[in-house]
Amino acid sequence: MLDIKLLRDQPDVVRAAIERRGADIDLDGVLAVDARWRALTHEWEQLRAEQNRAGEEIARFKREKQDAAAAIAAMKQLSEKIKALDDERRDAETKLRDLVMVIPNIPDESVPVGADETANRVERQWGDPPRFDFEPKDHVALGEALGILDFDRAAKIAGARFCLSRGPAALLERALIHFMLDVHTTQHGYTEVLPPFLVNSDSMRGTGQLPKFAEDLFRLEGTDYWLIPTAEVPVTNIFRDEILDESALPVHFAAYTPCFRSEAGAYGKDTRGMVRQHQFNKVELVKFTKPESSWEELERLTGDAERILQLLGLPYRVVTLSTGDLGFSAAKTYDIEVWLPGQDRYREISSCSNFTDFQARRANIRFRRAGGKPEFVHTLNGSGLAVGRTVIAILENYQQADGGIMIPEALRPYMHGIEAIKAPV
RNA sequence: GGAGGGUUAGCGUAAUUGGUAACGCACCGGUCUUGAAAACCGGCGCCUUCGGGCUUGGGGGUUCGAGUCCCCCACCCUCCGCCA
């Protein structure tokens, strides 16, 4: 959430940011509720001051064994008035918070302004899409022909948007997880964490999935447990409601988790194959930094994710999301898009964002400089990478004329040394 | 699942069987000093329109007044049961 003070003191800055995003927010309405809340709070505080003074007097009467009945009777009325006023005040406070919570983060100056993804800006490109002297297949055709991806049986077991990997495909998925974590922990300085895959509502609120996006999530009936849609949720919440020492920053975490998404509202979209699943694996990178270094850390984090694609020899490009495409909490996001020959286009495989203090304010994650007051940290995260989509990219980019798949060299040590998934003879 | 104990500022501990949160350590500033330590003074959770207000795991209730009494919930510890 935004700082309420920023709304009060520089409403024009916020107004301009909302406009750049093309969002529809009644800022004047928010400011009116804020004014009302402040007025009620002021009045309530005055009455509380009176009550506190009277309370001390009654205590003194009691100590000195004097009669306090008259004072107590008088205070009874004040007490009731305060209660009524407090209800009003809390109503306004709840309303204000709800309103402020739906205001999106302020996009960074460097973010291209535009209505949707057509305004996204391509920053750089790495590698060239492979040329085939045959018609390349997509991962579904390849995987089914090899007998390593089974969508029909997955549908029997669970339903649509699930996949059953078998033999080399299952090994490939496991190898990728292992490979990505190894690179990030041994070469990029991240600390590996293995968090819970179920979280409570407080954590979902902390990172902003709740209350607004509940329909995108799976919940365990009759409990307060939710299946995580990304490791961002449990990992960012590690420091919720904490004040870190300045010397502890920056913190860099890498985490493998499965991710669960209901994909409500995505009906008919990406229904073929394992591009959009209810369950998929992801290695996530999460950073907690001081405000002054978060932008530099975003560049490094994006580079860390890119490094995986480079080591795997997968062609990709990096795109800056425009204000219209930018997520609610992000100040800036780079999408990394991998080339998929089966679709003849680039597809998102990682999303790297700087949330500045937006998420930290909401989750109440702070740090303290020597002798200073607590300040909000900046949080960042990015996929490093989405594993299922990396499997797709390898199958499609490394396919051979006979339907077999070459294994990228960097991955072979994690694949029992095999060089290829051979086509059945 | 059952029984008992617990949660107070960064840490560790108090608070008259309801009277308005105290102390130590750590930390910060100041005095003193060439500098530092020690000592002393002040600060030491948040907000503030500088009057003051809020804060004892969270939420309700009783009361003029709740850390304290009552109810609900969360988490931690110990034991029993069950279990990979």
Side-chain angles (χ1 to χ4, degrees), chain A residues 1-10 31-98 100 194-206 210-211 219-226 233-234 237-249 251 258 288 290 357 360-377:
Chain A
M1 64 188 289
L2 290 180
D3 187 353
I4 184 78
K5 275 187 219 150
L6 184 68
L7 265 65
R8 270 176 217 151
D9 302 341
Q10 296 177 270
L31 291 171
V33 174
D34 178 50
R36 177 176 153 75
W37 172 77
R38 282 194 288 167
L40 286 167
T41 299
H42 180 70
E43 191 183 350
W44 174 81
E45 283 185 1
Q46 303 251 304
L47 296 186
R48 282 291 287 168
E50 195 180 331
Q51 188 181 40
N52 286 340
R53 275 195 300 274
E56 277 175 51
E57 210 170 306
I58 291 170
R60 205 183 67 235
F61 283 153
K62 293 269 184 185
R63 259 197 312 275
E64 294 169 359
K65 309 279 190 226
Q66 295 182 38
D67 181 27
I72 288 173
M75 278 305 101
K76 195 172 175 69
Q77 283 168 31
L78 182 66
S79 174
E80 275 161 20
K81 197 168 166 190
I82 288 173
K83 260 175 206 158
L85 197 58
D86 194 35
D87 287 342
E88 241 185 300
R89 179 181 138 268
R90 285 159 78 155
D91 279 351
E93 192 168 291
T94 305
K95 199 170 163 195
L96 177 62
R97 193 177 167 80
D98 289 349
V100 173
L194 182 62
F197 302 161
L198 304 182
V199 300
N200 57 33
S201 297
D202 284 341
S203 293
M204 284 294 187
R205 267 189 287 275
L210 291 179
R219 181 182 200 162
L220 295 195
E221 203 174 344
T223 72
D224 188 36
Y225 291 133
W226 302 78
V233 178
N237 275 283
I238 288 174
F239 296 128
R240 171 156 52 87
D241 295 323
E242 292 193 29
I243 300 173
L244 305 171
D245 193 88
E246 178 183 19
S247 63
L249 296 175
V251 177
F288 303 84
K290 291 194 231 173
D357 61 354
R361 181 170 290 105
R362 192 174 177 127
N364 196 26
I365 306 169
R366 293 174 293 176
F367 77 102
R368 197 196 305 274
R369 298 183 205 268
K373 292 203 164 201
E375 300 171 50
F376 289 107
V377 301

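The sequence lines fix the lettering, A, B, ..., with proteins before strands; numbering per chain opens at 1. Both backbone and side-chain heavy atoms feed into the values below; hydrogens, waters and symmetry mates do not.
- In this structure, Asp34(A) pairs ionically with Arg38(A), as a charged nitrogen and a carboxylate oxygen lie closer than 4.0 Å.
- When the P atom is compared between C27(B) and C32(B), the two are found 22 Å apart, to the nearest whole Å.
- Rounded to whole Å, the P atom of A26(B) lies 37 Å from the corresponding atom of G18(B).
- Side-chain atoms of Asn200(A) and Asp224(A) form no donor-acceptor pair, as typed in the model, at a separation below 3.5 Å.
- Which of G19(B), G10(B), G65(B) sits closest to the side chain of Gln51(A) comes down to G65(B).
- Atom CD in Glu50(A) sits roughly 11 Å away from atom P in G53(B) (whole-Å rounding).
- Shown are Ile82(A), Thr41(A), Thr94(A); of these, the side chain to side chain contact (heavy atoms under 4.5 Å, CB included) with Arg89(A) is made only by Thr41(A).
- For the C1' atom pair drawn from G12(B) and G58(B), the interatomic distance equals 24 Å after rounding to whole Å.
- With both ends at atom P, the span from A21(B) to U16(B) equals 14 Å, rounded to whole Å.
- Atom CH2 in Trp37(A) sits about 11 Å away from atom P in U49(B), given to the nearest Å.
- Out of C46(B), G51(B), C64(B), the shortest distance to the side chain of Ile58(A) is found at C64(B).
- Contact check, Asn52(A) against C54(B): a side-chain N or O comes under 4.0 Å of OP1 or OP2.
- For the pair Arg89(A) CZ and U48(B) C1', the computed distance is 13 Å after rounding to whole Å.
- Counting to the nearest Å, the P atom of G58(B) and the CZ atom of Arg205(A) are 16 Å from each other.
- To the nearest angstrom, C1' of U48(B) lies 15 Å from CD1 of Ile4(A).
- Look at U68(B): it lacks any Watson-Crick or wobble partner with both distances under 3.5 angstrom.
- For the pair Arg60(A) and G19(B), the criterion of a side-chain N or O lying under 4.0 Å from OP1 or OP2 is not met.
- With a glycosidic angle more than 90° from 0, G6(B) adopts the anti conformation.
- In this entry C23(B) has G12(B) as its Watson-Crick or G-U wobble partner, both defining distances falling under 3.5 Å.
- Side-chain N/O atoms of Ser79(A) include one lying less than 4.0 angstrom from OP1 or OP2 on G65(B).
- One atom, CZ of Arg38(A), and another, P of G53(B), lie 20 Å apart when rounded to the nearest Å.
- Nucleotides U48(B) and G53(B) have their P atoms positioned 16 Å apart, rounded to a whole Å.
- Between Asp91(A) and Lys95(A) no salt bridge is recorded (no basic side-chain N to carboxylate O distance below 4.0 Å).
- Between the C1' atoms of U49(B) and A14(B), the separation comes to 36 Å (whole Å).
- For C40(B), the paired nucleotide is G30(B), the pair qualifying as Watson-Crick or G-U wobble because both relevant distances are below 3.5 Å.
- Phosphate proximity of G60(B) to Arg90(A): present, with a side-chain N or O under 4.0 Å from OP1 or OP2.
- Base pairing of C82(B) is not made with any nucleotide, judged by Watson-Crick or G-U wobble geometry with both donor-acceptor distances under 3.5 Å.
- Side-chain atoms of Asp357(A) do not come within 3.5 Å of backbone N or O of Phe376(A) as any donor-acceptor pair.
- Evaluated for a salt bridge (Lys or Arg N to Asp or Glu O under 4.0 Å) with Glu246(A), the options Arg366(A), Arg368(A), Lys290(A) yield exactly one hit, Lys290(A).
- Nucleic acid contact class of Arg8(A) (heavy atoms, under 4.0 Å, all strands): none.
- Between Trp44(A) and Ile72(A), the residue whose closest nucleotide on RNA chain B is further toward the 5' end is Trp44(A).
- Counting any heavy atom pair closer than 4.0 Å across all strands shown, Lys76(A) reaches sugar-phosphate atoms only and no base atom.
- The base-pairing partner of G35(B), taking Watson-Crick or G-U wobble contacts with both distances under 3.5 Å, does not exist among the strands shown.
- Counting only heavy atoms from C-beta on, His42(A) has its side chain closest to U49(B) among G52(B), U49(B), U63(B).
- Rounded to a whole angstrom, the distance from the C1' atom of G61(B) to that of U13(B) is 30 Å.
- The side chain of Arg48(A) sits closest to C54(B) out of C54(B), G10(B), C46(B).
- Here C47(B) presents its P atom at 21 Å from CG of Leu40(A), a figure rounded to the nearest Å.
- Separating the C1' atom of G45(B) from that of C79(B) is a span of 37 Å, rounded to the nearest Å.
- Residue Asp86(A) contributes atom CG, which lies 14 Å from atom C1' of G59(B) at whole-angstrom precision.
- Ion pairing of Asp202(A) with Arg205(A) is present here, as a side-chain N (NZ or NE/NH1/NH2) and a carboxylate O approach within less than 4.0 Å.
- Considering His42(A), Glu93(A), Glu88(A) as possible partners of Trp37(A), the one that fulfils the side chain to side chain donor-acceptor pair (under 3.5 Å) test is Glu93(A).
- Partner assigned to A74(B) is U7(B), using Watson-Crick or G-U wobble distances below 3.5 angstrom.
- Nearest-nucleotide assignment on RNA chain B puts the 5′-proximal partner with Glu56(A), out of Lys5(A) and Glu56(A).
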